[in-house]
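Take a look at the structure set out below.
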Amino acid sequence: MNKALRKAIIAGNWKMNKTRPEAKALLEAIKPLVANAENNVEVIACVPFTNLETAVNTTAGSNVKIGAENVHFEKSGAFTGEISADMLVEVGVEYVVIGHSERRQYFGETDETVNKRTKAALAAGLKPIVCVGELKWERECNITEEVIARQIKLDLYDVSAEDVKKTVIAYEPVWAIGTGLTATPDQAEEVCAFIRATLEKLYDKATADAVTIQYGGSMNAANCAELLAKPNIDGGLIGGASLKAEDFNTIVQAAVEG
Ligand code: PGA
């Protein structure tokens with residue numbers, strides 16, 4: 001299709017893992033492995049807040065970009081425990097994961113707050129990685145497309161075409177996250193193509209063709225090549241496998257191959 005229009009993006013989502021020395025060691029191991037991917041693949045590590053400064057310093061001058069795992073939508077104020085977009089930008093962060101299913105499941109994240117966070121991130125100059133995905137029973141009830149369309153419409157409400165081109169969409173079926181159950185390449189492609197068709201309806205074809213859509217959910221060194229070969233899967237959001245430099249690099253190299 002129009003994959004040539006988009007740069008592949010492989011992002012690690014470290015979740016609540018790694019102390020600062022561990023983060024530094026992992027990034028030092030990843031950097032030389034992925035250096036060859038510079039022109040073809042955007043390589044990102046999304047790390048816990050406490051690791052951000054270490055991660056930015058460790059990857060300075062390399063092709064590894066750093067992302068946060070969440071951001072609050074207010075600029076500042078009485079929001080104990082929260083981190084603003086400006087704070088992330090000041091540290092040197094470029095990307096931020098928003099609306100991950102673990103945030104939706106365990107921390108009361110809703111499409112409304114995902115939308116607010118997305119707009120706040122874009123306004124500050126961060127590139128959001130907005131996560132969408134259906135639950136197992138929603139797939140069983142055959143309403144995957146309704147669920148995804150609703151999330152895309154609500155999460156991107158009032159986001160301009162220009163801004164949506166800076167936004168990465170991660171399709172992460174909730175039943176596949178951390179479970180070892182991966183969507184088949186055909187299942188993942190079907191939903192990623194549906195996301196692009198939904199973007200085309202909301203915006204236009206050129207805009208939809210410009211948006212990077214990732215698959216996430218038990219993507220690993222063994223299954224990545226088949227997933228990344230699909231025309232609408234432009235990259236991956238990688239949890240467990242991003243914590244091992246060799247495995248993460250195998251996925252990056254599969255994206256280089258396309
Ligand atoms: P997983 O996590 O690769 O461990 O399934 C993916 C994610 O949560 O982004």
Side-chain angles (χ1 to χ4, degrees), residues 8-18 22-23 26 30 34 41-49 51 55 64-71 93-109 114 117-118 121 127-136 138-139 144 147-148 151-152 155 167-185 187-189 191-192 195 212-228 230 233-255:
I9 300 183
I10 300 295
N13 172 17
W14 289 12
K15 309 194 181 188
M16 195 170 73
N17 290 294
K18 304 291 176 190
E22 289 168 352
L26 179 54
I30 289 172
V34 303
V41 180
E42 183 92 330
V43 181
I44 307 166
C46 298
V47 307
F49 289 130
N51 290 341
V64 179
K65 307 283 168 59
I66 298 305
E69 298 178 15
N70 195 13
V71 61
V93 169
E94 290 183 48
Y95 287 87
V96 59
V97 178
I98 296 176
H100 190 279
S101 66
E102 286 150 16
R103 303 272 348 146
R104 294 177 189 254
Q105 226 175 325
Y106 307 134
F107 303 101
E109 196 77 65
V114 171
R117 288 174 207 267
T118 301
K127 293 176 205 154
I129 301 175
V130 177
C131 304
V132 298
E134 81 286 2
L135 303 172
K136 187 165 183 280
E138 290 169 334
R139 177 166 280 268
T144 298
V147 171
I148 300 294
Q151 289 175 334
I152 293 286
D155 296 353
T167 303
V168 179
I169 311 282
Y171 167 55
E172 299 208 310
V174 180
W175 48 271
I177 295 177
T179 57
L181 284 176
T182 317
T184 65
Q187 281 174 326
E189 166 63 16
V191 180
C192 290
I195 291 171
T212 293
I213 302 176
Q214 300 174 315
Y215 168 78
S218 299
M219 191 188 270
N220 58 40
N223 61 25
C224 59
E226 260 194 297
L227 287 158
L228 293 168
K230 291 291 181 185
I233 302 178
D234 309 314
L237 183 57
I238 324 295
S242 72
L243 297 172
K244 293 181 200 121
E246 292 289 346
D247 287 3
F248 186 61
N249 178 49
T250 301
I251 300 171
V252 170
Q253 298 308 325

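Everything numeric here is computed off the predicted structure, so don't read it as measured data. One-based numbering, in listed order, for ligands and for the atoms of each.
Within 6.0 Å of the CD atom in Glu226, the count of heavy atoms belonging to other residues, nucleotides or ligands does not exceed 12. More than 12 heavy atoms of other residues, nucleotides or ligands shown are found within 6.0 angstrom of NZ on Lys15.
Closest approach of Thr118 to Pro128, counting heavy atoms only: CG2-CG, 3.9 Å. For the pair Arg139 and Trp175, the tightest heavy-atom approach, listed with the atom from each and the gap, is NE-CZ2, 3.4 Å. Residues Lys230 and Pro185 share a closest heavy-atom pair of CE-CB, 3.6 Å.
Below 4.0 Å from some heavy atom of Gly178 lie the following atoms of ligand 1, by number and element: 1 (P), 4 (O), 5 (O). For ligand 1, the atoms lying closer than 4.0 Å to a non-hydrogen atom of Gly217 are 5 (O). When each atom of ligand 1 is checked for a heavy atom of Ser218 under 4.0 Å away, the hits are 1 (P), 3 (O), 5 (O). Ligand-side atoms of ligand 1 in range of His100: 7 (C), 8 (O), 9 (O), range being under 4.0 angstrom from any heavy atom. Applying the 4.0 Å criterion to heavy atoms of Ile177 picks out, from ligand 1, the atoms 2 (O), 5 (O), 8 (O). Those atoms of ligand 1 with a heavy atom of Leu237 less than 4.0 angstrom away are 6 (C), 9 (O). Near Lys15, meaning under 4.0 Å from one of its heavy atoms, ligand 1 places the atoms 2 (O), 7 (C), 8 (O).
Of the residues listed (Thr179, Ile238, Leu181), the one engaging Ser218 in a side chain to side chain contact (heavy atoms under 4.5 Å, CB included) is Thr179, and it is the only one. Residue Met219 forms a side chain to side chain contact (heavy atoms under 4.5 Å, CB included) with just one option from Leu237, Thr182, Ile251, Asp247, and that option is Ile251.
Taking 4.0 Å as the cut-off, Ala176 counts as a neighbour of ligand 1 on heavy-atom distance. Not a single heavy atom of Gly216 lies less than 4.0 angstrom from ligand 1. Not a single heavy atom of Ala241 sits closer than 4.0 Å to an atom of ligand 1.
A side-chain donor-acceptor contact under 3.5 Å links His100 and Glu172.
Counting only heavy atoms of the protein, atom 4 (O) of ligand 1 lies nearest to Gly240 N, 2.9 Å. Ranking protein heavy atoms by distance to atom 6 (C) of ligand 1, first place goes to Gly239 N, 3.5 Å. Remark: minimum distance from atom 9 (O) of ligand 1 to any protein heavy atom is reached at Glu172 OE2, 2.6 Å.
In this structure, Arg104 and Gln151 have side chains that are in contact, with non-hydrogen atoms separated by less than 4.5 Å.
The proximity of Asn13 to ligand 1, defined as any non-hydrogen pair under 4.0 Å, is limited to the side chain.
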